[in-house]
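Scroll down for the structure; my scribbles are underneath it.
This structure is a prediction, so every number in the text was calculated from the model and none was measured. Reminder, nothing fancy here: chain letters follow the sequence lines and each chain counts from 1.
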Amino acid sequence: MSYDRVRGMYDILPDEIPWWRLAEEAVREIARRCHYHEVRFPVVEPTELFSRGIGESTDVVTKEMYTFPDRKGRSLTLRPEGTASVARLYLTHGLAAKAPFQKLFYLGPMFRYEKPQKGRNRQFHQYGIEVLGVLDPVVDAEVIGFAWSLMEHLGLGGLRLRLNSIGCSEDRATYREILREFFAPSADRMCADCRRRLLENPLRILDCKEEICQPLIAGAPGSMDSLCPECAGHFAAVRQWLDRLGLRYDIDPRLVRGLDYYTRTVFELVSSDLGAQDTLLGGGRYDDLIEMLGGPPTPGIGFAGGFERLVLALQERGCKPPIERLDLYLVPFGDEGRRAGLALAGTLRKRGVSVDLDVRGRSLRKQLEAANEMNARHVLVLGDEEARTGRGKVKEMDTGVERESSLDVDALITVLGG
RNA sequence: GGGAGCGUGGCGCAAUGGCUAGCGCACUGGGUUGUGGUCCCAGGGGUUGCGGGUUCGAGCCCCGUCGCUCCUCCCA
């Protein structure tokens, strides 16, 4: 093999496609029901969009972006996520003034330069929804409801929604200080990473999985204690809505998301069927993002989910996507039959029937074996005899029953249908 | 970035340091050019990831390297 795949980027072969389509169609269907509109945006954006939108100090920006200069020396980046692009799109097209309230969704590949492992690739595929222009807590509940509807539609179980509020930017600043004061006295009893985090971003300490840090983290004050009255009220209202709608959630005061634009409500939907990378989707509010990118103050909320992980979870749960069967396998046979075969296939295909036929002139036996292997519903042997008389026998492969039929397209379609 | 495990036909695996590196599945053809699944026969396909070392002799042992997988980290 002379060329390897790029590390962390994968081919998806026909065998896997049914699960992908199942997942993609579910997203589109829920989006349709909830009246979200699809947007598509470039895979490449100016680097600054991400570094400013996602946050200069985040892992994504500091070490995970595919960034390169174009031929005129401008710095471009393969999108590592979608929200920043949607915010940019919102501003680019003047929606803030024209139609400030938007419910949008997207699907597509994202890129992050990370060490690959189960459920984490360098090119991965996300779907995401974004609601722009409304601060009301009912929207938070609607967005979370979308996530649950999607999972319910797919019949996925083993799920848990982790919910938290990290407050507005002022709250986050005060919380950061509270954590700093809390952890500082015991800094010497924490792992090296956490000592660094203490200075750079104390919020991250809460994510630490090191044994040594666990007891300390367990006793740390939650972010909800430092919420301002507005944010506390917002969060209480979100919870009320969720309760009213019967949407399950677990409050997790240690849930801190890794992108800087998040404010107030944050959440993750995790699956018990996945490995270490068990977050099926994650999101939250980003009420300052649009303004940060140069637009008018505009609240927003959304989430993104990974298709790879969704597919893994579906397979883990034994979900079988519907199998698409070939309607008819034509077995052209003899000179006349072969001449008639392709023409007949063409007319049937125009009528919406899926037809395949042998193009290698193989033996009758081999062709039937092929038909059997590809799980065709019907077989029609089209030899010289059939070509001459215009009649043939359609065999239903599951039962072995043969039915005599005219080779007239309408007659055939009737036989195939039954 | 750190750690662990694994690299042998397309896939899954085997081979005490010793014969021409085998087996199953898959693939191709035939048994059977007028009807599939089973069965039988035959065939193609390998620089044992790569490079070096030890040895009379290395798929096997040693070193290096590359790759893959999982964990950590982070996140979708």
If you look only at pairs with a residue in residues 248-284 of chain A, which of them pass as a ring pair (Phe, Tyr, Trp, His ring centres under 6.0 Å), with sequence neighbours excluded?
-> A:Tyr261-A:Tyr286

How is A:Glu402 classified with respect to the nucleic acid when contacts are heavy atoms under 4.0 Å: base, sugar-phosphate, or nothing?
-> base

Under 4.0 Å: is that the gap between some side-chain N or O of A:Arg7 and OP1 or OP2 of B:C66?
-> no

With A:Tyr90 via ring-ring contact (aromatic ring centres under 6.0 Å, His included) - residues at least two apart | none

Would you kindly say whether A:His234 and A:Asp140 are connected by a side-chain donor-acceptor distance under 3.5 Å?
-> yes

Secondary structure string for RNA chain B (Watson-Crick or G-U under 3.5 angstrom, | for other-strand pairs) = (((((((..((((....[...)))).(((((.......))))).....(((((..]....))))))))))))....

For A:Glu45, which residues count as a salt bridge (Lys or Arg N to Asp or Glu O under 4.0 Å) partner, sequence neighbours excluded?
-> A:Arg88

Side chains of A:Ser51 and A:Glu48: do they bring a donor and an acceptor to under 3.5 Å?
-> no

Among residues 312-319 of chain A, which contact RNA chain B at a heavy-atom distance under 4.0 Å?
-> none

Can you list, pair by pair, the side-chain donor-acceptor contacts under 3.5 Å of residues 144-157 of chain A, counting residues two or more places apart and other chains?
unit_1	atom_1	unit_2	atom_2	d
A:Trp148	NE1	A:Arg248	O	3.2
A:Ser149	OG	A:Gly145	O	2.8

With rounding to whole Å, what would you report as the distance between B:U16 and B:A58 at their C1' atoms?
-> 13 Å

Examine the base of B:G1 for any acceptor or donor lying under 3.5 Å from a partner atom in the side chain of A:Lys63, and report the outcome as yes or no.
-> no

Contacting residues from residues 379-390 of chain A, given that a heavy atom lies under 4.0 angstrom of RNA chain B = A:Val381, A:Gly383, A:Asp384, A:Glu385, A:Glu386

Indicate yes or no: does A:Glu386 engage A:Lys393 in a salt bridge with an N to O separation below 4.0 Å.
-> no

A:Asn121: what forms a side chain to side chain contact (heavy atoms under 4.5 Å, CB included) with it, not counting sequence neighbours?
-> A:Tyr10, A:Phe124, A:Glu308

So what does A:Gly128 touch, heavy atoms closer than 4.0 Å: a base, only the sugar-phosphate, or nothing?
-> nothing

Side chains of residues 343-353 of chain A: which donor-acceptor partners sit under 3.5 Å, not counting sequence neighbours?
unit_1	atom_1	unit_2	atom_2	d
A:Thr347	OG1	A:Ala343	O	3.4
A:Thr347	OG1	A:Leu344	O	2.9
A:Arg349	NE	A:Val355	O	3.1
A:Arg349	NH2	A:Val355	O	2.8
A:Arg351	NH1	A:Asp410	OD1	3.1
A:Arg351	NH2	A:Asp410	OD1	3.0

May I ask you to say what A:Ala304 touches in the nucleic acid, namely base, sugar-phosphate or nothing, with a heavy-atom cut-off under 4.0 Å?
-> sugar-phosphate

Salt bridge or not for A:Lys103 and A:Glu142, using N-O below 4.0 Å?
-> yes

RNA chain B contacts made by residues 19-39 of chain A, counting heavy atoms under 4.0 Å = none

Sugar-phosphate means primed atoms, P, OP1 and OP2; the rest is base. With that split, encode nucleotides 28-33 of chain B 5' to 3' as B, S or - using protein heavy atoms under 4.0 Å.
-> SBBBBB

Give a yes/no answer on whether the side chain of A:Tyr10 brings an N or O atom under 4.0 Å of OP1 or OP2 in B:U69.
-> yes

Quantified in whole Å, what is the C1' atom distance between nucleotide B:U32 and nucleotide B:G37?
-> 15 Å

For A:Leu310, report the nucleic acid contact type (base, sugar-phosphate, nothing); a contact means any heavy atom under 4.0 Å.
-> nothing

Among residues 102-123 of chain A, which residues get a heavy atom nearer than 4.0 Å to RNA chain B?
-> A:Arg112, A:Glu114, A:Lys115, A:Gln117, A:Lys118, A:Gly119, A:Arg120, A:Asn121

